[in-house]
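Data block below; observations after.
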Protein chains: 2
Amino acid sequence: MTRFVTKEKLARLFDRLENLGIQVLFIGDSEGHRDVNVKYLTGHPEDAILFVDVQNRQTILIPWDYQLANEYAEADHIVNIMEHNGGIIPAAIETLKEIVDDNPKIGVSKEISYFYVRNIIDSLPNTEILFDPREIDAELDQLRSIKSPYEISLLKKSFKISNKLVEEIEGRMKTHTDIETEVDLSIFVENRMRKLGAFGAGFESLVASSARSWQIHTYPRADKLPMYRPGLALIDFGVNAAGFTSDVTLPFIMGPMNKKMKKIVETVMKVHDEAIEKLQDATFLHEVAENAVSTIEEAGFKMPHSLGHGIGLTVHDAPVLRKRPTHETLKKHWTKVPLEQGMVFTIEPGIYEKDVGGFRIENDVVITSKGPEMATNAHPIFIDL
Amino acid sequence: MTRFVTKEKLARLFDRLENLGIQVLFIGDSEGHRDVNVKYLTGHPEDAILFVDVQNRQTILIPWDYQLANEYAEADHIVNIMEHNGGIIPAAIETLKEIVDDNPKIGVSKEISYFYVRNIIDSLPNTEILFDPREIDAELDQLRSIKSPYEISLLKKSFKISNKLVEEIEGRMKTHTDIETEVDLSIFVENRMRKLGAFGAGFESLVASSARSWQIHTYPRADKLPMYRPGLALIDFGVNAAGFTSDVTLPFIMGPMNKKMKKIVETVMKVHDEAIEKLQDATFLHEVAENAVSTIEEAGFKMPHSLGHGIGLTVHDAPVLRKRPTHETLKKHWTKVPLEQGMVFTIEPGIYEKDVGGFRIENDVVITSKGPEMATNAHPIFIDL
């Protein structure tokens, strides 16, 4: 494993951070606080603090598993926390003291843990914390959003297995073969993707029978509920073929639909198709999302989540397809994101009504020089009961 | 689903927070920042902000999925974010403004996202953020650490299935049945636990063949590497039978051991047995951990992780069995934790050497009125090649 960021992109990151007056960018990934930037910028899989040391133009990784980092990570320095009493925070603070001056300007990304920030301030009281999502996070997100041809080739392996699975799921569900409950479908998909050559699941598959498809993200992810009951059901799964994950939702229409179900299904499919269409000529991503929200609201419904999100090393990667925020505090940290070649994201409109059920369809789209390219083949599947 | 905290415990939490001068405790659980306290205090599974409103002695939940919360959560108020433009942060800020005065004192737990803190301060500039892990986090941890008889009964269901799995894994591995690779073993365990009645895996099983057992947490969790190779191997798995997870590591000794392997295995087993012994009369948890560290260091090794951790609604629950910190910044936030009846935690010493391999054994222990009770039966398994 090596880092996914290219040399050119890393150089650009150093330049941008320097322009912002940042001496060191502090990035932390831990069990409670996942931050994919560690993996993207170094290749190290998880559980580490990373310093992008702008002044000295170097990266310093402070991993929980030093031996693992030596095997996998690409960084200018790797710190052994066992030489700092086994503590990742002490090791980070001591390293930081060596590389900054008396008035450090430390940049942080949006989702950093407050505990890290407090530890920095407690140990280096003259520190200025530079928090600026419109600059720092927007830059990191943009680097990750635009996939390199190599990253797209890895994603394509996941799409291929996903599409095979869509066919197989459709076949089994239509013929009532082997699958009785949500758990059965989940086990089938997660085992089968490995047999088809995947590394593993990109995330735990979500299976909702009609009894609970009104849940946006099913909890538990799959339960012992029967699949063959009238109404709306779905499976949301991701294939991680070679480090990069796909994300697909396949809706099932179990038996005949009533009027309200029909309206939900038609509205969601309209939003899906309009979004793909809109990607032909949109300038900014929020425009595509705003169009989707309007169509849903005109039909008398609400969509309780974004229209889509990037996929990559993690299932919820940058960019996000969401309407412009209206609330003051969010507006302050928000910035427009242009639609660009190399982006790979989901389009996943959904409507969820407690008394009727939920319907979501989700496909992955690659933005090529010729426009949007559908990478997956999710479609509504009609099941006779 | 309802909350796991008892009425008495919740009353105690309000009292303690009041004594600390906290008006509202702000707890957030999101995809990037898991905080089990939301689930513990309300029963709501995930993705929500929770206010423990001390002044008004009420709990207010701001969930991402409002319909799910109405079904599952126990809170005095549940806010519908769709009435706040679908934004969880705007909904939280507006709710906060309604319940606090002009100089709010907002308590935060250690692992809160810095983004939340910045949004609070930006929107309510006179806010005083009360961050005090020795009081706030220690109190929450203590509530969760001491399991009720009901919680222990749920854990016992997980132990039962885990112990059955240990027998079955031992049987299959010794007879070379069906399992060739790490992935095979992982799939076997995760499917089999569901067949034995579990809700699902408590976490993705970690399987390390001898080629990479030196990794503390294998990445990927299971790979296509062959299991039947000489050296040290292991599987680390958790069973979630009814919401609460077990956590067990089963080490395999594949073929004959060389001198260094023998020393590693003997040292780890000695530390394991000593720790159980020490739990008979220890006063504080760090004493047990410090004894383990001494034994390992006397043998010339290092242990790159804690001796153990609580288990419960999440696999890494409170308390943690770790030696006293020596670094200033960590000492400031640390507090002694007494060994108490009702605690349920792992004992999991391990040593990892790049050239030899890794060896970890992990069992779960329940602290009863009569002392420590071994709840699981992990033991070294010797495999002929």
Side-chain angles (χ1 to χ4, degrees), chain A residues 31-35 45-47 64-68 70 72 81-82 84-87 89-90 93 108 110-119 122-123 131 133 183 187 191 194 199-200 204 214-217 219-223 302-305 316 325-330 332-333 352 354, chain B residues 31-35 45-47 64-68 70 72 81-82 84-87 89-90 93 108 110-119 122-123 131 133 183 187 190-191 194 199-200 204 214-217 219-222 302-305 316 325-330 332-333 352 354:
Chain A
E31 192 179 355
H33 298 265
R34 289 294 166 211
D35 187 334
E46 60 187 1
D47 297 323
W64 180 61
D65 188 336
Y66 180 66
Q67 296 184 136
L68 190 72
N70 272 302
Y72 287 141
I81 65 167
M82 296 308 288
H84 297 266
N85 258 311
I89 290 178
I93 296 296
V108 294
K110 206 171 100 170
E111 294 294 340
I112 196 167
S113 145
Y114 186 55
F115 188 57
Y116 283 152
V117 174
R118 288 298 290 247
N119 273 292
D122 286 351
S123 306
F131 167 87
V183 168
I187 290 181
N191 291 357
R194 288 182 174 95
F199 191 91
E204 202 179 337
W214 52 266
Q215 297 181 12
I216 311 173
H217 276 181
Y219 189 87
R221 301 293 178 236
D223 209 336
K302 283 190 172 182
M303 181 161 70
H305 54 67
H316 293 152
T326 51
H327 197 272
E328 279 312 313
T329 185
L330 293 183
K332 252 179 84 166
H333 303 308
Y352 311 81
K354 189 72 205 299
Chain B
E31 192 180 354
H33 296 267
R34 290 295 166 209
D35 187 334
E46 59 188 2
D47 298 323
W64 181 60
D65 188 337
Y66 180 65
Q67 297 184 132
L68 189 73
N70 272 301
Y72 287 142
I81 66 167
M82 295 308 288
H84 298 267
N85 258 311
I89 289 178
I93 297 296
V108 294
K110 206 170 99 171
E111 294 295 340
I112 195 166
S113 143
Y114 186 56
F115 188 57
Y116 282 153
V117 174
R118 287 299 291 248
N119 273 292
D122 286 352
S123 305
F131 166 86
V183 168
I187 289 179
E190 299 204 3
N191 290 358
R194 288 182 174 95
F199 190 94
E204 202 181 335
W214 53 266
Q215 297 180 11
I216 310 173
H217 276 179
Y219 190 87
R221 301 294 178 233
K302 284 190 172 184
M303 181 160 70
H305 54 66
H316 292 151
T326 51
H327 197 272
E328 279 314 314
T329 185
L330 292 184
K332 253 180 82 168
H333 303 308
Y352 312 82
K354 189 74 204 298

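As the structure is a computational prediction, the values presented were derived from the model and not from experiment. Sequence lines set the chain letters: A, B, ... in the order given, protein chains first and strands last, and positions in each chain run from 1.
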What part of [X] gets closer than 4.5 Å to chain B, counting heavy atoms only: side chain, backbone, both or neither?
X         : answer
Thr326(A) : side chain
His217(A) : both
Ile112(A) : both
Ser113(A) : both
Leu68(A)  : both

[options]: which one forms the most heavy-atom pairs within less than 4.5 Å of chain A?
options                        : result
Pro325(B), Pro90(B), Ser123(B) : Pro90(B)
Ile81(B), Asn119(B), Leu330(B) : Asn119(B)
His327(B), His316(B), His33(B) : His33(B)

Checklist outcome for this item: Of Arg194(A), Glu204(A), Met303(A), the largest count of non-hydrogen pairs under 4.5 angstrom with chain B goes to Arg194(A)
Item to check | Choice from Asp35(A), Ile89(A), Asn191(A) maximising heavy atom contacts with chain B below 4.5 Å | outcome: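 The residue among Asp35(A), Ile89(A), Asn191(A) with the greatest pair count is Asn191(A).
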Item to check | Interchain contact, Glu46(B) with chain A, by part (heavy-atom threshold 4.5 Å) | outcome: side chain
Checklist entry - Are any of the side-chain nitrogens in Glu111(B) or Arg118(A) under 4.0 Å away from the carboxylate oxygens of its partner? => result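 Looking at Glu111(B) and Arg118(A), the cut-off is not met.
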Checklist entry - Any ion pair linking Arg34(A) and Asp47(A) (charged N to carboxylate O, less than 4.0 Å)? => result yes
Checklist entry - Do Lys110(A) and His333(A) have side chains that get closer than 4.5 Å, going by heavy atoms? => result no
Checklist entry - Excluding sequence neighbours, so at least two apart, what forms salt bridge (charged side-chain N to carboxylate O under 4.0 Å, His left out) with Glu328(A)? => result Lys331(A)
Checklist entry - Between Tyr219(A) and Phe199(B), what is the ring plane arrangement, given parallel below 30°, perpendicular above 60°, and tilted in between? => result tilted
Item to check | Results of ring pair (Phe, Tyr, Trp, His ring centres under 6.0 Å) for His305(A) - residues two or more places apart only | outcome: Tyr352(A)
Checklist entry - How long is the gap from OG1 on Thr329(A) to CZ on Phe115(B), to the nearest 0.5 Å? => result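 Thr329(A) OG1 to Phe115(B) CZ: 6.5 Å, rounded to 0.5 Å.
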Checklist entry - Out of curiosity, Arg221(B) CZ to Glu190(B) CD, how far, rounded to the nearest 0.5 Å? => result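 It comes to 11.5 Å.
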